[in-house]
Undergrad: 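This is the structure I have questions about; it appears just below.
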Amino acid sequence: MRMVTLVLVLLLAAIQYPLWFGHGGWLYVHELRDELSAEQQKNEQLKERNDRLAGEVQDLQEGTAAIEERARFELGMVKDGEVFVQFVAPDGSGAPPSASGAGAPLVSPAEPAHKSVAAAPPTNPPSQTKGRAQRH
């Protein structure tokens with residue numbers, strides 16, 4: 001009787017093994033569900049990205065505002081009659097690094113595409129201007 005019970009238990013274990021660990025087993029199905037949810041999340045992110053890009057394409061095709069914005073921020077362009085003002089940091093550098101988002105300067109120093117206005121320090125120290133009328 002013991003031998004029959006042992007054989008039946010071994011047969012039961014042999015039958016259960018593919019159910020749990022085989023190609024169509026529960027563990028395999030669980031792994032596939034995890035992969036499926038990861039792929040669905042990735043697809044959602046890509047759909048959002050595609051929607052943003054489609055909106056940007058539509059803006060570029062229909063209006064000039066998006067084109068003007070890109071020209072200003074990425075290429076450093078200004079309209080005719082506008083004056084570009086750039087504030088210089090105390091260490092002598094121009095705009096802060098990555099001001100345009102790409103880390104490159106807005107305008108080539110060899111060929112400026114705009115007028116630059118900077119405040120000049122006073123020529124006379126404050127102690128020498130006492131008693132004199134200051135011009136504005």
Side-chain angles (χ1 to χ4, degrees):
M1 189 72 165
R2 274 188 170 200
M3 188 57 115
V4 174
T5 306
L6 182 62
V7 169
L8 288 176
V9 169
L10 288 175
L11 284 175
L12 182 64
I15 292 172
Q16 289 291 315
Y17 181 80
L19 178 65
W20 290 94
F21 304 108
H23 181 68
W26 290 356
L27 295 176
Y28 183 72
V29 170
H30 182 69
E31 290 174 3
L32 287 178
R33 284 184 184 158
D34 289 344
E35 288 179 23
L36 178 65
S37 65
E39 289 297 323
Q40 287 175 339
Q41 184 179 14
K42 184 178 176 182
N43 285 345
E44 288 298 320
Q45 291 173 349
L46 291 174
K47 283 180 185 178
E48 290 174 5
R49 178 179 161 251
N50 286 345
D51 290 342
R52 284 192 308 267
L53 290 174
E56 188 174 336
V57 166
Q58 185 178 4
D59 286 345
L60 289 171
Q61 287 176 343
E62 292 179 358
T64 59
I67 295 171
E68 181 179 335
E69 180 182 349
R70 282 194 155 200
R72 287 178 178 273
F73 290 110
E74 293 178 9
L75 302 175
M77 300 179 85
V78 295
K79 287 183 180 179
D80 290 335
E82 285 184 338
V83 177
F84 177 81
V85 179
Q86 180 178 10
F87 294 98
V88 180
D91 62 356
S93 65
S98 72
S100 67
L106 293 176
V107 178
S108 169
E111 186 177 330
H114 60 279
K115 296 178 184 178
S116 181
V117 178
T123 55
N124 296 333
S127 62
Q128 294 177 356
T129 59
K130 288 184 180 178
R132 293 187 197 176
Q134 294 181 350
R135 288 186 247 167
H136 291 281

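Residue numbers run from 1 in the order of the sequence given. None of the values given here were measured: they were computed from a predicted structure.
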Undergrad: Distance check, rounded to the nearest 0.5 Å: Leu36 atom CG versus Glu31 atom CD?
TA: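 Answer rounded to 0.5 Å: 13.5 Å.
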Undergrad: Could you see if Tyr17 belongs to whatever hydrophobic cluster contains Leu27? Use Ile, Leu, Val, Met, Phe, Trp, Tyr and a side-chain cutoff under 4.5 Å.
TA: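 Per the 4.5 Å side-chain linkage, Tyr17 and Leu27 are co-clustered.
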Undergrad: At what distance, to the nearest 0.5 angstrom, does CG of Leu10 lie from OG1 of Thr5?
TA: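 Those atoms lie 11.0 Å apart.
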Undergrad: Can you tell me how far apart CZ (Arg52) and CD (Glu56) are? Round to the nearest 0.5 Å.
TA: 10.0 Å
Undergrad: Quick one: CG on Leu46 to CD on Gln41, what's the gap to the nearest 0.5 Å?
TA: 11.0 Å
Undergrad: Going from CD on Gln45 to NZ on Lys42, what distance comes out if it is rounded to the nearest 0.5 angstrom?
TA: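 Reported value, rounded in 0.5 Å steps: 9.0 Å.
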Undergrad: I need the Asp59 CG to Arg70 CZ distance, nearest 0.5 Å.
TA: 10.0 Å
Undergrad: Please report the shortest heavy-atom distance between Glu82 and Lys79, naming the atom on each side.
TA: OE1-N, 3.0 Å
